[in-house]
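Each remark here refers to the structure printed beneath this line.
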Amino acid sequence: MLKKTKRLLIKYNRFIITGLLVALQLVWMTVFYLSAMANNIYITTAIRVVSLFFIIYILNNKDSPSFKLPWCLLIAIVPFFGILLYFLFGNGNPTRKMRKKIKEAKYSIPDGYIQALREESIIATQSIQNERDRQTDNYLVNSCAMPAFRNGGLKYFSTGEDMFRDMMPVLRSAEKFIFLEFFIIEESKMWSEILEALLERAEKGVDVRIIYDDFGSMAAVPKNYHKTLEKLHKNIRCIKFNQVLPFSYFSANCRDHRKIAVIDGKYAYTGGLNIADRYINLTSPYGYWKDGGVRIDGYAADSFTLMFSRMWNAFREDKIDTSGIIGIANNSKYSRGVVHPYCDMPHDRQEITENILIDMITRAKDRIYIFAPYLIIGYELRIVLCNAAKRGVDVKIITPGIPDKKIVHRLSRANYRTLMESGIEIYRYTPGFIHSKVYLTDSDTALVSTANMDYRSLYLLYECGVYLKDVPEIADIEKDMNHTLGVSERVELDDLDRDGLFTRLFDSVLRAFETLF
């Protein structure tokens with residue numbers, strides 16, 4: 001028992017120290033602030049003037065009104081702390097250095113392949129019969145420079161363990177390269193099995209490159225784990241993305257929330273799955289963990305190769321030469337429908353995932369089914385969802401039955417009433433926690449994404465996903481959603497009415513600051 005406790009303390013050491021250091025800074029600044037406010041009217045006036053100009057600055061930036069107003073309110077109530085917290089957590093832009101590196105990241109693509117991609121994208125888009133649907137694909141092409149593909153092979157996974165079981169033999173068969181990019185990598189049984197396969201392939205000359213987010217993995221791996229991995233084999237290289245430094249400016253935003261695995265340019269995996277035992281139910285801290293994603297076969301996998309390569313080449317000198325590793329897929333089988341991979345990056349300020357969701361919801365005629373681990377949405381999404389329900393569309397949102405973050409779940413619940421009063425049905429996944437991020441409309445359109453329905457994912461994080469139109473596998477997604485509804489419990493307005501006065505007041509406060517979470 002003592003050894004287990006010691007291991008846990010070591011595991012969370014960085015997280016605890018970081019929190020204590022930030023708290024120490026806040027305490028020191030509090031003492032300074034209160035002393036200045038009590039003894040010097042000029043400092044008090046100066047802080048108020050600075051706060052006013054800061055509020056004007058926030059109101060004039062390009063952020064969503066849903067994001068700006070809570071920060072303005074916080075700064076108006078507690079000027080000093082509001083400004084401090086905004087610098088730490090409110091700035092949605094990457095640092096200038098990070099933005100410049102990613103913007104200037106280069107990868108080489110053969111001219112002939114570029115032309116082939118353009119032609120394939122045009123053919124794929126034109127295969128969609130509805131003109132309005134073609135415009136949606138054109139939006140993705142123009143927004144993130146990612147082409148559309150005719151279905152070259154797609155497999156949907158309704159659970160994390162199914163996706164993991166499918167991925168392992170593909171990893172073990174890699175001949176040229178393996179690229180892994182995850183928000184969380186945790187020292188676990190799942191990671192041990194993956195790492196064993198990576199070492200085996202590295203020994204065979206396979207190029208293995210790994211990116212993990214420092215904030216997401218802070219409590220899951222040791223501080224310099226990226227260096228530990230590189231010491232294991234010369235063919236294994238690793239990036240710790242956006243390192244957290246307690247005593248210098250860092251943003252809790254602009255994290256790499258993507259989940260990508262690319263093998264030889266022939267197969268790409270994406271979805272909700274991180275690398276930790278709970279994602280494949282080897283441990284069950286929140287009941288059954290429902291996750292999932294997709295495997296993409298063929299030329300469409302190249303889009304994920306390029307996504308990874310751009311991130312890698314932005315931060316490492318050992319660049320990836322993509323000219324030799326794209327366009328080599330030999331397993332494409334054209335059929336009906338369109339597969340459209342995309343990336344969503346905060347530095348371009350385009351909010352691609354949110355725009356696609358709004359487009360899907362606005363055009364839905366019969367049904368909208370959503371897996372939502374977190375339901376913290378801004379004004380725009382709330383309006384289109386409510387309007388869809390009011391015009392007669394069957395809107396069902398499935399949320400967790402057992403939350404992983406209680407305060408965030410409470411905030412999600414605070415959004416229920418407005419949605420339900422418009423006719424939207426909300427369900428609790430009673431077996432446990434639902435982490436899958438899947439969106440379905442009208443049985444012919446779907447989005448499988450790494451992005452949650454919250455402000456942080458839609459505006460502040462690096463995300464990715466796959467937009468699907470008229471592909472046969474959408475039937476598998478609909479089947480999974482219907483099955484999940486069958487084991488979920490519908491939330492009724494009477495359930496919300498049983499909340500006490502204090503709880504309702506607390507929910508109101510949470511909603512006033514919901515985009516800060």
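All figures in this text were calculated on a predicted structure; none of them were measured in a lab.
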Completion exercise
So CD of E425 and NZ of K396: to nearest 0.5 Å the spacing works out to 4.0 Å
Quick one: list whatever passes side chain to side chain donor-acceptor pair (under 3.5 Å) with [X], sequence neighbours left out.
| X | result |
| --- | --- |
| S158 | none |
| D166 | K155, Y269, R295 |
| D476 | none |
| N482 | none |

List in chain and number order the residues that pass ring-ring contact (aromatic ring centres under 6.0 Å, His included) with [X], two or more places apart in sequence or in another chain; answer none if no residue qualifies.
| X | answer |
| --- | --- |
| F241 | F315, Y462 |
| F182 | none |
| Y279 | W289, H435 |

If we ignore hydrogens and angles and just use 3.5 Å, is the side chain of [X] paired with the main-chain N or O of [Y] as donor and acceptor?
| X | Y | value |
| --- | --- | --- |
| T450 | G465 | no |
| S457 | N452 | yes |
| T270 | K259 | yes |

State which residues pass salt bridge (Lys or Arg N to Asp or Glu O under 4.0 Å) with [X]; sequence neighbours excluded, sorted by chain then number.
| X | value |
| --- | --- |
| R363 | D133, D359 |
| D344 | none |
| R413 | D499 |

Handout entry: Donor on one side chain, acceptor on other, E478 and S443, under 3.5 Å
Key =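 Yes, a side-chain donor-acceptor pair sits under 3.5 Å.
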Problem - Any side-chain donor near an acceptor of the partner, T484 and Y369, under 3.5 Å - result: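 Short answer, no.
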Handout entry: Ionic contact status for D442 with R367, cut-off 4.0 Å
Key =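 No, this pair does not count.
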Problem - Residue list, side chain to side chain contact (heavy atoms under 4.5 Å, CB included) with P400, at least two apart or on another chain - result: F433, I434
Handout entry: Which residues share a side chain to side chain contact (heavy atoms under 4.5 Å, CB included) with K405, sequence neighbours left out
Key =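 Side chain to side chain contact (heavy atoms under 4.5 Å, CB included) list for K405, sorted by chain: Y374, V408.
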